[in-house]
Protein chains: 2
Amino acid sequence: MVDCALRLLDRVGLPDLSMRRLATELDVQPSALYWHFASKQELLAAVAERILDTIPAPDAATSLADTAGSIRDALLAYRDGAEVVMSTYALRLGTRRAQDALGASLGDADQTAADAVFEFVLGHTTLLQQRMHAQSIGAVAPDAADPTAHADEVFDAGIRAFGSLSAARSPR
Amino acid sequence: MVDCALRLLDRVGLPDLSMRRLATELDVQPSALYWHFASKQELLAAVAERILDTIPAPDAATSLADTAGSIRDALLAYRDGAEVVMSTYALRLGTRRAQDALGASLGDADQTAADAVFEFVLGHTTLLQQRMHAQSIGAVAPDAADPTAHADEVFDAGIRAFGSLSAARSPR
DNA sequence: ACCTGAACACCGTTCAAGT
DNA sequence: ACCTGAACACCGTTCAAGT
């Protein structure tokens, strides 16, 4: 059932991922979903956890750039993945898998820096995916030649900044 | 009419800011709104621009921390402000006022770093506001003692990271 | 120029009742 | 234990018609 929601998300996007549509996909009445999940939010939390499933276990030997990259990849693997994860992370449902991996790469005891990096990755990827959708709809402003062109550069610049933060700390 | 939307947003939040509710507030039929705005998205773009109106003009003499702080303040001034700005920024509606101010503080010709900082600020503030709302509803997980407690620390850590990026560049 | 009235095609959620 | 049927209180948007 979560698998079906994940496939539907990837096919139609978050705005069109409704309980009614998911029910139709499962050949079931909408009300049947509420025996399994108390609300749509709870269903989305399960979907978010599945999206983050592919990120590797925390490993101090993995560079920040690689860890951040695999989190970005996990979010990009499904349409609107970042937005789904963002909304459930805000409610503190789901695991802290992503932050733990980032924390390990930063070699930091407290999680402040890891939280900041995760917030950057979520913000960046949410924007990127919304832009991808806007572009496919043709709803983008005409002045923007290639909406997603410099996204990688911006992402790298951000990760480099956070990397220099940890480099400045570790020598102590 | 945008003022009314802004007040309504602050009162009820983005999920409850509907065209029908706004119409009721204005003592008008919902369809009347579509003479002024082609869609809800367009209305939200106007609201987003108003939210960002209070951020100061670009000034190289203003520190990155101050500029980022005033952008954060502008977003926090209205309920769900960050999410509204995020969704219209993705569509590239509205101005680049925030990024221009950040670019000036970074003393940078290209806008890559400014974009990265803005993405961090948007991600951070969106998460913070969603958490504030979840808390007021009481819908937050029980293990989180004080959801918004360390938000300032995380924000400062992020901005410090981006600050060190520009510091490492300017000596060249 | 600006708005109404009525409709179209949807939503999330609840809850008694069925099997 | 798991699902149906029917309802409740909503959505964004369109469009002919009014003034």
Side-chain angles (χ1 to χ4, degrees), chain A residues 1-50 79-80 83-88 90-91 93-94 130 133-134 136-140, chain B residues 1-50 79-80 83-88 90-91 93-94 130 133-134 136-140:
Chain A
M1 172 161 166
V2 178
D3 306 84
C4 185
L6 204 46
R7 282 193 308 269
L8 188 57
L9 171 70
D10 201 43
R11 187 145 46 86
V12 305
L14 185 56
D16 289 336
L17 175 56
S18 65
M19 296 300 265
R20 296 179 112 103
R21 189 146 180 188
L22 178 58
T24 302
E25 210 76 18
L26 292 164
D27 275 312
V28 115
Q29 291 304 112
S31 50
L33 301 177
Y34 289 85
W35 194 90
H36 301 277
F37 294 95
S39 66
K40 188 180 181 181
Q41 279 282 13
E42 213 170 81
L43 186 262
L44 287 179
V47 170
E49 216 152 325
R50 203 84 123 213
R79 174 135 62 131
D80 293 336
E83 213 173 330
V84 172
V85 168
M86 200 159 186
S87 71
T88 80
L91 301 177
L93 303 168
Q130 286 184 3
H133 182 241
S136 76
I137 292 296
V140 94
Chain B
M1 171 163 169
V2 177
D3 307 82
C4 185
L6 204 46
R7 281 194 308 269
L8 188 57
L9 172 70
D10 201 42
R11 188 144 46 85
V12 304
L14 185 56
D16 289 335
L17 175 55
S18 65
M19 296 299 265
R20 296 179 112 103
R21 189 146 181 186
L22 177 58
T24 302
E25 211 76 15
L26 291 163
D27 274 312
V28 112
Q29 292 303 112
S31 49
L33 301 178
Y34 288 85
W35 195 89
H36 301 275
F37 293 94
S39 64
K40 189 180 180 181
Q41 280 283 11
E42 214 170 79
L43 186 263
L44 287 179
V47 170
E49 215 150 327
R50 203 84 122 214
R79 169 128 74 125
D80 293 336
E83 211 173 334
V84 172
V85 169
M86 200 160 188
S87 71
T88 81
L91 301 177
L93 305 167
Q130 286 184 5
H133 181 242
S136 76
I137 292 294
V140 94

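For clarity, every value in this text was computed on a predicted model and none was experimentally measured. Just so we're on the same page: letters track the sequence lines, and every chain starts at 1.
- C:dC2 atom P lies 14 Å from atom CG of B:Leu33, rounded to whole Å.
- The nucleotide whose nearest atom lies closest to any side-chain atom of B:Arg21 is, among D:dC11, C:dT14, C:dG5, D:dC11.
- Residues B:Asp3 and B:Arg50 are paired through a salt bridge, judged by an N-O separation under 4.0 Å between the basic side chain and the carboxylate.
- At a threshold of 4.5 Å between non-hydrogen side-chain atoms, the residues A:Pro30 and A:Arg20 count as touching.
- Between the CG atom of B:Asp27 and the C1' atom of C:dG5 there is a distance of 17 Å, rounded to whole Å.
- Closest to the A:Trp35 side chain, of the nucleotides C:dT14, D:dC2, D:dT13, is D:dC2.
- To the nearest angstrom, C1' of D:dC3 lies 12 Å from CE of A:Met1.
- Proximity of A:Val84 to A:Leu9: side-chain heavy atoms (C-beta onward) are separated by under 4.5 Å at one or more points.
- The phosphate of C:dC11 has OP1 or OP2 within less than 4.0 Å of a side-chain N or O from A:Ser18.
- The distance from atom CD of B:Gln29 to atom P of D:dC15 is 18 Å, rounded to the nearest whole Å.
- In this structure, of D:dT4, D:dC15, D:dA7, it is D:dA7 that holds the atom nearest to the side chain of A:Arg20.
- Taken to the nearest 0.5 Å, the NE2 atom of A:His133 stands 9.5 Å off from the CG atom of B:Leu91.
- The structure places CZ of A:Arg11 at 6.5 Å from CZ of A:Arg21, a figure rounded to the nearest 0.5 Å.
- Listed nucleotides: D:dT4, C:dG12, D:dT13. Nearest to the side chain of B:Tyr34: D:dT13.
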Query raised in the report: Dot-bracket for DNA chain C, 5' to 3', counting Watson-Crick or G-U wobble pairs under 3.5 Å, with [ ] for crossing pairs and | for inter-strand pairs?
Result: ||.|||||...|||||.||

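- Taken residue by residue, residues 36-44 of chain B places heavy atoms nearer than 4.0 Å to DNA chain D at B:Ser39, B:Lys40.
- A 4.5 Å side-chain heavy-atom check between A:Cys4 and A:Met1 finds every atom pair outside the cut-off.
- For the pair A:Met19 CE and C:dT14 P, the computed distance is 10 Å after rounding to whole Å.
- Residues A:Leu33 and A:Leu26 form a side-chain contact, since some pair of their non-hydrogen atoms from C-beta on lies under 4.5 Å apart.
- To the nearest angstrom, P of D:dT4 lies 10 Å from CG of A:Leu26.
- Side chains of A:Asp80 and A:Leu17 form no contact here, defined as non-hydrogen atoms less than 4.5 Å apart.
- B:Arg79 contributes no side-chain N or O that, together with a main-chain N or O of B:Leu14, makes up a donor-acceptor pair within less than 3.5 Å.
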